[in-house]
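Letters go in sequence order (proteins before strands), and every chain restarts at 1. Just so it is clear, the model here is predicted, and its values are computed rather than measured.
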Amino acid sequence: MGEILLSTINLGKTFGEVIALEDINIQAKSNSVLGLIGSNGAGKTTFIKCCCGLTIPSSGSIMIGKEKISQGSLEYLKDIGAVLEGNRNIYHNLTILENLHYFGGLRGLSKKVIDARSEYLLELFDLKTKAHTQCGSLSRGMQQKVSIICALLHQPKILFLDEPTLGLDYDASLAMKQAIREIVSDDTVIIVTSHDLRFISDVCTELVVIQRGKIIYQGDVASIRKLSDHSNLVIKITPNSKNPEISQFINLSTFDKDSGVYQFKITSSKDIYDLIEKMQVQNIEIENITQRDYALEDLYIYLNKQDL
Amino acid sequence: MKLFITEAKRSIAAIKHYWLASLTDLIVYLAGFIFLYVFIKGNFSSDSAVASETVSQLVIGYLIWFFISISLSYFANGLYTEMVTGTFEQINLTGTRVFWLMFVRFLVNSIRFAIIILPLALAISVITRIPYNFNTLTLILFLLLEIGTIGIAYLLAGLTIRFKNTGQLAFVLSILLLGPSLMNIGVNTLIEKAAATFIPLIGAQTLIKQTLSGASSSINWTQVAIIAVNSIVYLILGLVVFEICLRNSKKLGILNRY
């Protein structure tokens, strides 16, 4: 990671009495994927729209590289690409190539550049064979890819993806992950929002948690597991096995008798052996054991509890 | 120019994909002109000077109606469609000034329809052997009228961006603007005088009719100057309202809502 491509300084937005964003200070560096998470209405989309000039902030400032964005300026948009949530970001009555030529033309790109970039991006997103297909007849996943290609056409430094996996099936979501990994580069940062925490932890290198317009956590994804002194051991017992005597397990954190899944907090490998031994003493048959590090889901749940 | 080519290509692509819709447009315009032809043929003889004046008025009235409709439609309705389909924010993200893009769209579509309409209008004149009295002044007045109309279209588009649903406002405006193209408005009463002075579309249409009747020599040039100033004021006012509404919509975070 290197150069700071986007930074916000005390960014704030109010809609009447409602505070949508309050003192947001974010730095997004090149060659990174920054994940923005938070519940509905937390302020993620407002943040993106403020950065894109689609919503005018009430306070604070936004810097692209070292330059502060002045309101009304459109020049900085050449460094920005965005796929916005829930929108049709492309014309469904046009083919993929027609969309690319249209948006490329509006961005002032030459035909030669549009052709070259289209070929590269269609290949990257595996859409070359569909280039002459009207977007309205593509699957949701493909339409989302076309939106991303349109947003990447002018090689922006900052790419915003607001809920890119919304409505996508597993395969399309997987393809989206791969695409994000491939497009992030030394001079690009991707800022992505999603409610799919697994998706975020898989693709993001940095994380910002927003709740009620405020940042409640900021850090790199890799260090999340270091936030806790324990990891989780998930033990699934066989359906025929008798239920364990819960009182015997002081480190039990959650359990579901119906599915036979028990989760324990463990701090060392000794804890694992002790657990298995106690289970054997109680004649409990174990179907499988999984060790899971402290993860984004745990952090998110913890932060939400703290925030209540 | 680049923007014009980009927009023209998009328009051609849309025609290609929805050729049936374009074909029905063509049929409607053709039917209008056939009706006009039958009407002219049945009521006027080719050697009459009155026929030339009346037919010219009919045709120019039709053209004015046509271009005003396109202006209003491609500004306000076009924007509304963008907001409903969700591409409006993407357009804002391209860095192209929206007001400029809208003007180019209007220009492209005007040319597109002019390619159909003008040959048909010419054909009527050739077939009926009734010449039109169009002259340079008619063209100048027509352009002034169009500038004023674009100003009103910007105003309407701005209100659409800010308030989303403007109800029957476009319809009310078209009635106000199109009325004088279909009937003669005098300058006898105070209201008529005020309308002719402050609404460029009404004043211009009245003067256009005068040029068609061959009365160009008696044209009130002060009135032409007033129309020119009015049209420019309407255009500036429309643009200012449009930009204020766009900014206001961004402040409220409702740019893409509909």
Side-chain angles (χ1 to χ4, degrees), chain A residues 13-16 18 20-21 45-46 48-50 52-58 71-95 97-99 101-111 114 134-136 147 150-151 153-154 156 160 162, chain B residues 1-22 78-79 81-105 108 161-162 240 242-258:
Chain A
K13 178 68 192 169
T14 50
F15 296 111
V18 180
L21 293 176
T45 302
T46 305
I48 289 179
K49 290 193 175 180
C50 283
C52 293
L54 299 171
T55 295
I56 299 173
S58 310
Q71 284 309 322
S73 155
L74 299 177
E75 184 58 23
Y76 78 98
L77 291 174
K78 70 177 189 313
D79 292 325
I80 285 179
V83 177
L84 302 160
E85 179 217 350
N87 277 352
R88 280 194 196 171
N89 294 278
I90 47 173
Y91 290 93
H92 282 201
N93 61 346
L94 300 181
T95 67
L97 265 185
E98 285 163 355
N99 265 293
H101 276 270
Y102 183 66
F103 283 110
L106 290 189
R107 293 222 180 240
L109 304 181
S110 69
K111 187 181 176 297
I114 297 171
Q134 258 180 293
C135 293
S147 302
C150 277
L153 203 62
H154 58 295
F160 292 98
D162 197 3
Chain B
M1 194 60 191
K2 200 177 178 110
L3 192 59
F4 180 83
I5 293 168
T6 301
E7 208 44 68
K9 280 184 180 170
R10 189 182 81 114
S11 186
I12 291 166
I15 293 170
K16 215 168 63 186
H17 295 307
Y18 299 96
W19 58 268
L20 189 61
S22 307
L79 268 188
T81 311
E82 292 274 355
M83 285 188 280
V84 169
T85 52
T87 43
F88 188 54
E89 285 186 327
Q90 280 300 331
I91 283 173
N92 277 272
L93 276 171
T94 61
T96 305
R97 295 263 172 210
V98 181
F99 78 85
W100 185 235
L101 179 70
M102 285 167 60
F103 176 72
V104 173
R105 276 187 182 178
V108 167
I161 290 174
R162 172 61 186 83
V240 169
F242 179 80
E243 285 298 319
I244 289 172
C245 287
L246 186 66
R247 193 179 160 76
N248 206 252
S249 183
K250 285 181 180 180
K251 259 188 181 173
L252 295 169
I254 55 167
L255 198 60
N256 211 42
R257 252 181 246 164
Y258 57 91

Out of curiosity, [X] [atom1] to [Y] [atom2], how far, rounded to the nearest 0.5 Å?
| X | Y | atom1 | atom2 | answer |
| --- | --- | --- | --- | --- |
| B:Thr6 | A:Ile114 | OG1 | CD1 | 6.5 Å |
| A:His101 | B:Ile5 | NE2 | CD1 | 13.5 Å |
| B:Met102 | B:Ile91 | CE | CD1 | 10.0 Å |

Which atoms of [X] are under 4.5 Å from chain B, going by heavy atoms: the side chain, the backbone, both sets, or neither?
| X | result |
| --- | --- |
| A:Lys13 | side chain |
| A:Gln134 | side chain |
| A:Thr46 | neither |
| A:Tyr102 | both |
| A:Leu109 | backbone |
| A:Thr14 | neither |

Below 4.5 Å, heavy-atom pairs only: which of [options] has the largest tally toward chain A?
| options | result |
| --- | --- |
| B:Leu101, B:Leu93, B:Thr96, B:Leu246 | B:Leu93 |
| B:Arg97, B:Lys9, B:Arg10 | B:Arg10 |
| B:Glu7, B:Glu243, B:Gln90 | B:Gln90 |

Would you say [X] and [Y] make side-chain contact, with heavy atoms under 4.5 Å?
| X | Y | value |
| --- | --- | --- |
| A:Ile90 | B:Thr87 | no |
| B:Glu82 | A:Tyr91 | yes |
| A:Asp79 | A:His154 | no |
| A:Asn89 | A:Leu84 | yes |

Do other residues, nucleotides or ligands put more than 12 heavy atoms under 6.0 Å from A:Lys111 NZ? no
Please check if atom NZ in B:Lys251 has more than 12 non-hydrogen atoms from other residues, nucleotides or ligands closer than 6.0 Å. no
Top of [options] for chain B proximity - count of heavy-atom pairs under 4.5 angstrom:
| options | value |
| --- | --- |
| A:Ile80, A:Leu106, A:Thr95 | A:Leu106 |
| A:Leu94, A:Asn99, A:Val83 | A:Leu94 |
| A:Phe103, A:Phe15, A:Tyr76 | A:Phe15 |

At a 4.5 Å cut-off on heavy atoms, which part of B:Tyr18 comes close to chain A: side chain, backbone, both, or neither?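 Only the side chain of B:Tyr18 comes within 4.5 Å of chain A.
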